[in-house]
Amino acid sequence: MSESYLDVMNRKSKIMKDALNLDYEKFEAEGIGFYYERLMMDSGYSIDDVRKIQLDNNVGNTPLIELKRLSAYARKFAKEGYGARIFLKDEAANLSGSFKARRAAMAIHQAKKLGYKGVIAATSGNYGAAVAALAARAGLKCIIVQECYDSNGIGQPEIIEKARACEAYGAEVVQLSVGPELFYQFLLLLEETKYFNASLYSPYGIMGIETLGFEIANELVNREHQYPNVVICTNAGGGNLTGTARGLIKAGSKDTQIIAASVDLTGLHMASDGDFNKKSFTTGHTGFGIPFSTFPDRSDVPRSAARPLRYMDRYVLVNQGSVFFITEALAILEGMERGPAGNISLAAAFAIAQELPKDQIIVVQETEYTGAGKHMNAQVSFASDRGVEMLLGNPLDEKAGKNIIFPKSGKLLKYKEIPIDQLRISYLKHYSDQLLFDLDYDYLAVELKTDVNHVKALLEGIHETKK
Amino acid sequence: MIEKNTFVQIYKVVLSSSERSSNLPDDTKRLPFEMRVKGKLMSKASIGDVVEIKTATNRVEQGILLSVEPFFTHTFGHHVQALKDVRDIILSEMEDVTHE
């Protein structure tokens, strides 16, 4: 069979279908939509089944820790009576050191059940280590495909560390240079090996996270007799937020405000070889967070189960310097040394806590392990060696790739807000040239967590701008 | 000569610049799309030779022999003064803060 780029991409549907043993066609609705809940329920796993599979694998039931010193620090900058209590779900306690083990546990369980001999995942992040660790437990072969090196052969230290972890669990790591053709190589490997596609965006990848939201809601009800007022999720591919929100709802926490947080890497091109090693975050950033929120079906499956705009109430951005600042604060005020990428939503929580009454509860729903390469100091020193300037000042002035600005006081740690309507408009632009019917508008209203009239108004706005 | 079964890393151009996706920024477009993989050398060879290796999943990959017995050298990085300054800021701002 031809291995040319176009020929392989044209075989995509067939390769994907064989690699998940899931026929997405049967979930397609008339018009632009599809039956999301049917896709999520098709596997037949209840949340109790998911919890059992995870607990059998040493995944889940992680500690929920109140950050009293960090909350008091935030309160110092809030007006009288304000400064919410910040709780942190210590997901670093999972097998392989991140919440990604929840997703991997389900993908691996499904792969094993269907009789696949191995699994493949395309990821440069913690998910690789999670899939590798869970595959090792299940006795399955594992290949992790990473975007790792720039054209000078220099690897991002965080991604190199992930490769090390994957190898530690016996996986084969295929390391690629910068570019979206990673997907091409991923397809070739699926075709060659006939392994299972442990996609982050399959229903299994998302239902695995539902337990995270479920645990947060139940534990807070038991301990504090209330649901969380706010849950903040670091947002990249959208699965973290989607799964957590679904789990909260399943536990009855229906009024919790769901806030997405990403690191602001505006100005850096995600497919640029030159920009690749200028970013100090390889995930949780705007380069994934915004495109995957506004066009979820760009993923490696026909219909992504990660659909964050269905659940998101707000979307905030923090800069790199603020996340490093809060990572340092977590270590020296709370005795928790954790990886910076897991602390993106914690940086946002520090600022948002100051806007809420002090009896309210904000939950930051993840941490990740740290170590050589994926330590704050490793990232900052790598960036400074590449000419990125290190400054103390107002973090909102940071220019990603040129400098990292650490807040010169906790008081200056602030976020930028992306209006949800701006994200909805970006989403709707994919459909603005199509003739839409009532069922399409109904679908779009659910996709965008709004009503039909608002969808129509936003679409009219897009048409006006075009004129 | 490097002996058969030695643990090595190979390098391969997966797509030349002309074969790449059409939708790329300029600095990436002019580069080949490259791959590096590790495994056991299947027959003895020298650095720079085109060789075959057997990977951790028992796949056979072909490429240019890049390095012998590769190992990880990533670290916690060197001293960065700004991070020490951040620590001092946090500790000094917390001096007058009490919590229950």
Side-chain angles (χ1 to χ4, degrees), chain A residues 4-5 68-69 71-73 75-76 118 141-143 148-149 151 155 157 160-161 163-164 167 170-181 184-185 192-193 269 271-274 324-325 328-329 332-333 372-373 375-382 384 390-392 404 406-410, chain B residues 9 11-39 54-61 66-67 70-94 96-100:
Chain A
S4 86
Y5 183 71
K68 291 188 177 175
R69 292 249 289 158
S71 303
Y73 186 24
R75 211 166 284 140
K76 175 178 173 149
K141 300 264 190 225
C142 177
I143 302 176
C148 183
Y149 292 104
S151 57
I160 298 282
E161 161 54 21
R164 186 208 59 79
E167 284 186 18
E172 171 182 341
V173 184
V174 172
Q175 297 180 303
L176 301 168
S177 59
V178 180
E181 295 94 336
Y184 158 86
Q185 183 61 35
E192 177 191 338
T193 60
H269 195 302
S272 159
D273 181 71
F324 292 131
F325 183 98
E328 178 66 29
I332 56 169
L333 300 183
H375 190 276
M376 158 176 78
N377 203 92
Q379 287 297 327
V380 170
S381 107
F382 183 74
S384 98
M390 301 296 150
L391 302 169
L392 291 164
I404 290 177
F406 305 93
K408 70 175 179 211
S409 161
Chain B
Q9 185 179 40
Y11 164 95
K12 167 175 163 179
V13 170
V14 177
L15 296 167
S16 68
S17 57
S18 62
E19 295 168 314
R20 295 194 67 163
S21 159
S22 52
N23 185 23
L24 290 173
D26 289 340
D27 67 336
T28 309
K29 201 177 288 178
R30 57 188 166 77
L31 300 165
F33 185 60
E34 307 161 317
M35 174 168 94
R36 287 170 174 78
V37 195
K38 296 172 193 167
K54 195 165 259 190
T55 69
T57 59
N58 288 326
R59 290 191 315 117
V60 175
E61 269 291 354
L66 186 68
S67 67
F71 58 97
F72 290 97
T73 56
H74 58 295
T75 69
F76 290 88
H78 55 71
H79 173 84
V80 179
Q81 187 54 41
L83 282 180
K84 299 293 175 215
D85 295 341
V86 161
R87 165 172 299 201
D88 291 344
I89 290 166
I90 296 166
L91 290 174
S92 78
E93 288 185 331
M94 279 299 282
D96 61 344
V97 174
T98 51
H99 67 100
E100 88 261 29

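Lettering follows sequence order; numbering is per chain, from 1.
The nearest pair of heavy atoms linking A:S381 to B:G77 is OG-CA, 3.2 Å. Between B:F33 and A:G179, the shortest heavy-atom contact is CE1-O, 4.1 Å.
Once rounded to the nearest 0.5 Å, the distance linking CD of A:E328 with CG of B:D88 reads 9.0 Å. Atoms NE2 and OG, on B:H78 and A:S384 in that order, are 4.0 Å from each other to the nearest 0.5 Å. In this structure, CE in B:M94 is found 8.0 Å from OH in A:Y73, a value given to the nearest 0.5 Å. Expressed to the nearest 0.5 Å, how far OG of A:S177 lies from CE of B:M35 amounts to 10.5 Å.
Most heavy-atom pairs under 4.5 Å with chain B, from the set A:G118, A:P180, A:S409: that is A:S409. For chain A, the option among B:I90, B:L15, B:V37 with the highest count of heavy-atom pairs below 4.5 Å is B:I90. Note: B:L83 leads B:L83, B:L31, B:D85 in heavy-atom pairs under 4.5 Å with chain A. Between chain B and the options A:I143, A:L391, A:I160, A:N377, the largest number of non-hydrogen pairs under 4.5 Å is found for A:N377. Taking A:T193, A:I404, A:L333 one by one and counting their heavy-atom pairs under 4.5 Å with chain B, the maximum is reached by A:L333. Contact count versus chain B (heavy atoms, under 4.5 Å) is highest, among A:V174, A:D273, A:V380, for A:D273. Between chain B and the options A:H375, A:K76, A:M390, the largest number of non-hydrogen pairs under 4.5 Å is found for A:K76. Of the residues considered (A:K141, A:K408, A:E181), A:E181 shows the highest number of contacts with chain B, using heavy-atom pairs under 4.5 Å. The greatest number of non-hydrogen atom pairs below 4.5 Å with chain A, out of B:V86, B:T57, B:T28, is found for B:T57.
Classification of A:E172 and B:K38 as a salt-bridged pair fails, no side-chain N sitting under 4.0 Å from a carboxylate O.
Contact of B:D26 with chain A is not made at all, since no heavy-atom distance falls under 4.5 Å. If you measure heavy-atom distances from B:T75 to chain A, the contacts under 4.5 Å come from the backbone alone. Using a 4.5 Å cut-off between heavy atoms, B:Q9 contacts chain A through its side chain alone, with no backbone atom that close.
Considering only heavy atoms from C-beta on, B:V14 comes within 4.5 Å of A:Y184 through its side chain.
Between the side chains of B:E19 and A:S4, no donor-acceptor pair is found at a separation under 3.5 Å. For B:D27 and A:S272, the side-chain atoms include at least one donor-acceptor pair closer than 3.5 Å.
Every side chain to side chain contact (heavy atoms under 4.5 Å, CB included) that A:P157 has, sequence neighbours left out, goes to A:Q379, A:F382.
A cation-pi geometry, defined here as NZ or CZ lying under 6.0 Å from the six-membered ring centre and within 45° of its normal, does not hold between B:R20 and A:Y5.
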task: Assess whether side chain to side chain contact (heavy atoms under 4.5 Å, CB included) is satisfied between A:E167 and B:F72, documenting all intermediate values.
output: CA-CA 11 Å; A:E167 284 186 18; B:F72 290 97; 3.4 Å; yes
